[in-house]
Amino acid sequence: MFSTSEYVKKGITPPVAKRLDFAHDYHGEKYEDKYNWLKDINDPDTLKYIKTENSYADAVMAETKELQTKLYKEMLGRIKETDMSVPERIDIFYYYLRTEEGKQYPVYCRKPIDSEVEQILLDENELAKDHEFFSIGTLSVSPDHKILAYAVNTSGDEIYTLYFKNLETGELFADTVTGVAANFEWANDNATYFYSVLDETKRPAEIHRRKLGNEAGALIYKEEDSRFVTYVSKSRSEKYLFINSDGYTTSETQYMDADKPEEKFSVFIPRAQDIEYDVEHHEAGVYIITNENAINFKVLFAKSFDAPKSSWVEFVPHNDDVTINDVDAFKNFIVLEGRKHGLQFLKIYDLEKKSWRDITFDDASYAFGVGSNPEYDSETLRFTYSSLRTPSTVYDYDMRTHERTVRKQEEVVGGYDSSLYTVERFDATSHDGTKVPVSIFYKTALIKKDGASPTLLTAYGAYGISYDLWFSSTRLSLADRGYVMAFANPRGGGELGRRWYHEGKFLKKKNTFLDFIASAEELIKRKYTKPEKLIAAGGSAGGLLMGAVANLRPELFRAVVAHVPFVDSLNTMMDSSLPLTVGEYEEWGNPNERAYFDYIKSYAPYTNLEAKAYPHMLVLGGMNDARVAYWEPAKWVAKLRALKTDDNVILLKTHLGAGHGGPSGRYNALRELAFEYAFILRVLE
């Protein structure tokens, strides 16, 4: 039996965190928080408690070691370990990355277009060999292809160091820039570069300009509004550099001639609250995506950056049923990305013929991503398509002839037959009658729809981010054991447009939780599963969702898996010194205003824990997490242990050398997933 008491009989006792008197003073009132001490990383008891929880998790899961190894080998066995990406042409080179069997990280390479001689630009494995965690942020070759700029992080805290490599000699330049974000752009002189610098809250707050060989960069822009982050980008035409300042609901763009990096940037449209826009340069003018008087966005065209607004014309009008996400300008074509009825679409506009062409897809639920397509004067559009049962497939689409060519499909080693699996998409009816999309994936022969199938239901539901459903061969380890893999799209995400997002944020955030609950109930109603067989999973803001539904409907789920969960929501949002907090006001509301305070307080998972039965839980955190601090899951688990009245198992596993994304390296990621899947299988034995 999988229960706390059974492990106690074996001498495996869950940790008990000390409780110290402490109270927050909010709006003139005191709010008790006896686990606040866990925020102090310098308190030796903090690390001791984290390590004790890790040891407890390992002890409980020790009996699944053989299963974890089996799952790991299964998942690894489906992956083509020695592989390479489809080469991408940029001027006179083909750039690509490749992986080698037994190595955790990719190797970045290139070949001249008229030669088979490979040049290794960067071997991430060599750089990572002395580090527990390793991540490459920026990877950017200068316009003349002679210098590589790359940014490295070795802790998971998302603070990068920038390096420069001479690709002709292989030597590193003396230039090293610390404390930067993973953002970088070259000017066209092959020497001047621009990058984002982090402030004390780890917010990308400044843009610096520097020339190779200079001892220090020059501050050229400081974003004073702490709700915004700022970063640099470059047009596909390579004619302009941009400084972008983005909040969750407002944006502003500055532009500059990339051939004249010493000049000043000019503001395109001054920021206005709740107006978002983005610009794409074309030799004929500028395409502007904006939500001004267009909640789902529209596209305008101006003949130049300084053309009066009165002269702008509408290129793609606003549509209540269609959301516009991006516009890409090529010399002879315009590519439009968006969503309709929750599904992505691609449209191509031929500037010569003045006509549109749709790129269509067949699966009931799918995802695609348009590649970087770095060459402006190209008639080929590269994109990657996938669905829950279709492995990722790279296409080259001829925008003139409309021919679609498969360049590569992800190989599932050992054989994979997509016809043996079913993908369905249906709606769940939420508390207020709103229809919530749910997609499911399962092995057809193993599901009887008798209410007995183990089911894993996941969701995100925040920031207007769309939860796109890509194929993953790792899911086969559950699907082939008779699991239904289910994915909900609650309000707060971006799947059904900006209204869908707005209906799941601020003072409507509870819609996200109730939509997820409705999705779970719909799976039960359709006889896929039952509460004793249903597991919920989510991460980050989706982890907040997990905490909220565990409080609201604990009896609906057998277990909950929460990755880096944002569960101490009220206390974090009241602490403006923490990374991201002030910017997050535009997502959750500013709790210094009483209405928002009361609302966040009413659903914050940690705040609303109470003495009652909760599901089994696996909670994962990162000690160096810059987005959701380690203490949020730690405090949540400590308080859960003290209050819960059930005999269910709660495990907290904190990665001591990692951040928000968990362990780095592809093999480490598979081992982490094997641990998670072993927990799920053990719970539902």
Handout entry: A559 to V683 - nearest heavy-atom pair and separation
Key = CB-CG1, 3.9 Å
Problem - Check: A367 main-chain N/O paired with D468 side-chain donor or acceptor under 3.5 Å - result: no
Practice task
Output the distance between atom CG (N551) and atom CG (L609), rounded to the nearest 0.5 Å.
Solution key: 5.0 Å
Practice task
Check the pair Y460, Y467 against ring-ring contact (aromatic ring centres under 6.0 Å, His included), reporting the backbone distance first and the verdict last.
Solution key: CA-CA 7 Å; Y460 186 70; Y467 186 18; 7.5 Å; no
Handout entry: Distance, nearest 0.5 Å, that separates OG of S519 from CD1 of I524
Key = 11.0 Å
Handout entry: Pairwise distance CZ(R498) to OG1(T249) - rounded to 0.5 angstrom
Key = 8.5 Å
Problem - N648 side chain to Y614 backbone, donor-acceptor under 3.5 Å - result: yes
Handout entry: W500 (side chain) donor-acceptor with N489 (main chain) under 3.5 angstrom
Key = yes
Handout entry: Over all atoms of both residues, closest heavy-atom pair of Y599 and K509
Key = OH-N, 3.2 Å
Practice task
Give a yes or no answer on whether the side chain of D199 reaches the backbone of R203 with a donor-acceptor pair at less than 3.5 Å.
Solution key: yes
Handout entry: Whether F566 and W588 hold their rings parallel, tilted or perpendicular, with breakpoints at 30° and 60°
Key = tilted
Handout entry: Donor-acceptor side-chain pairing of N592 and H27 below 3.5 angstrom
Key = no
Practice task
Take the angle between the ring planes of F679 and F2 and call it parallel below 30°, perpendicular above 60°, tilted in between.
Solution key: perpendicular
Fill in the blank from the handout: Taking every heavy atom of K635 against every heavy atom of Y606, the minimum-distance pair comes out as O-CE1, 3.3 Å
Handout entry: Ring geometry between Y463 and Y248 (parallel below 30°, tilted from 30 to 60°, perpendicular above 60°)
Key = tilted
Exercise for the section: Would you indicate whether the side-chain heavy atoms of S576 and Y585 approach each other to under 4.5 Å? Expected result: yes
Exercise for the section: Indicate yes or no: at least one non-hydrogen side-chain atom of F134 is less than 4.5 angstrom from one of Q104. Expected result: no
Exercise for the section: Calculate, to the nearest 0.5 Å, the distance between atoms CG and CD1 belonging to L670 and I79 respectively. Expected result: 4.5 Å
Practice task
State, with a plain yes or no, whether a side-chain heavy atom of L578 is found less than 4.5 Å away from one of T201.
Solution key: no
Practice task
Please tell me if the side chains of P437 and F487 come closer than 4.5 Å, counting only heavy atoms from C-beta onward.
Solution key: no
Exercise for the section: Write down the atom of A428, the atom of E522, and the distance for their closest heavy-atom approach. Expected result: CB-CB, 3.6 Å
Exercise for the section: Report the distance from atom CZ of R481 to atom CG of L684, rounding to the nearest 0.5 Å. Expected result: 12.5 Å
Handout entry: Test item: L469 and F441 side chains (from C-beta on) under 4.5 Å apart, heavy atoms
Key = no
Practice task
Please examine the side chains of V438 and D427, heavy atoms only from C-beta on, and report whether any two atoms are closer than 4.5 Å.
Solution key: no
Fill in the blank from the handout: Minimal heavy-atom distance between L580 and A626, with the atoms involved, is CD1-O, 4.2 Å
Problem - Backbone N/O of S453 and side chain of T529: donor-acceptor pair under 3.5 Å - result: yes
Problem - Side-chain heavy atoms of P14 within contact of T4, under 4.5 Å - result: yes
Problem - Reported CD-to-CG distance for the pair E158 and N624, which is rounded to 0.5 angstrom - result: 10.5 Å
Problem - S135 vs N153, side chain to side chain donor-acceptor pair (under 3.5 Å): CA-CA, chis, key distance, verdict - result: CA-CA 5 Å; S135 173; N153 175 266; 5.5 Å; no
Problem - Pairwise side-chain contact, M573 with F597, heavy-atom cut-off 4.5 Å (strictly under) - result: no
Handout entry: Minimum-distance pair of heavy atoms, taken over all atoms of L534 and L457
Key = CD1-CB, 4.2 Å
Problem - H616 (side chain) donor-acceptor with V649 (main chain) under 3.5 angstrom - result: yes
Practice task
Without swapping roles, check the side chain of S540 against the backbone of G542 for a donor-acceptor pair under 3.5 Å.
Solution key: no
Practice task
Could you tell me how the ring of H24 sits relative to the ring of F22: parallel (under 30°), tilted (30 to 60°) or perpendicular (over 60°)?
Solution key: perpendicular
Handout entry: Centroid separation Y442 to Y483 less than 6.0 Å
Key = no
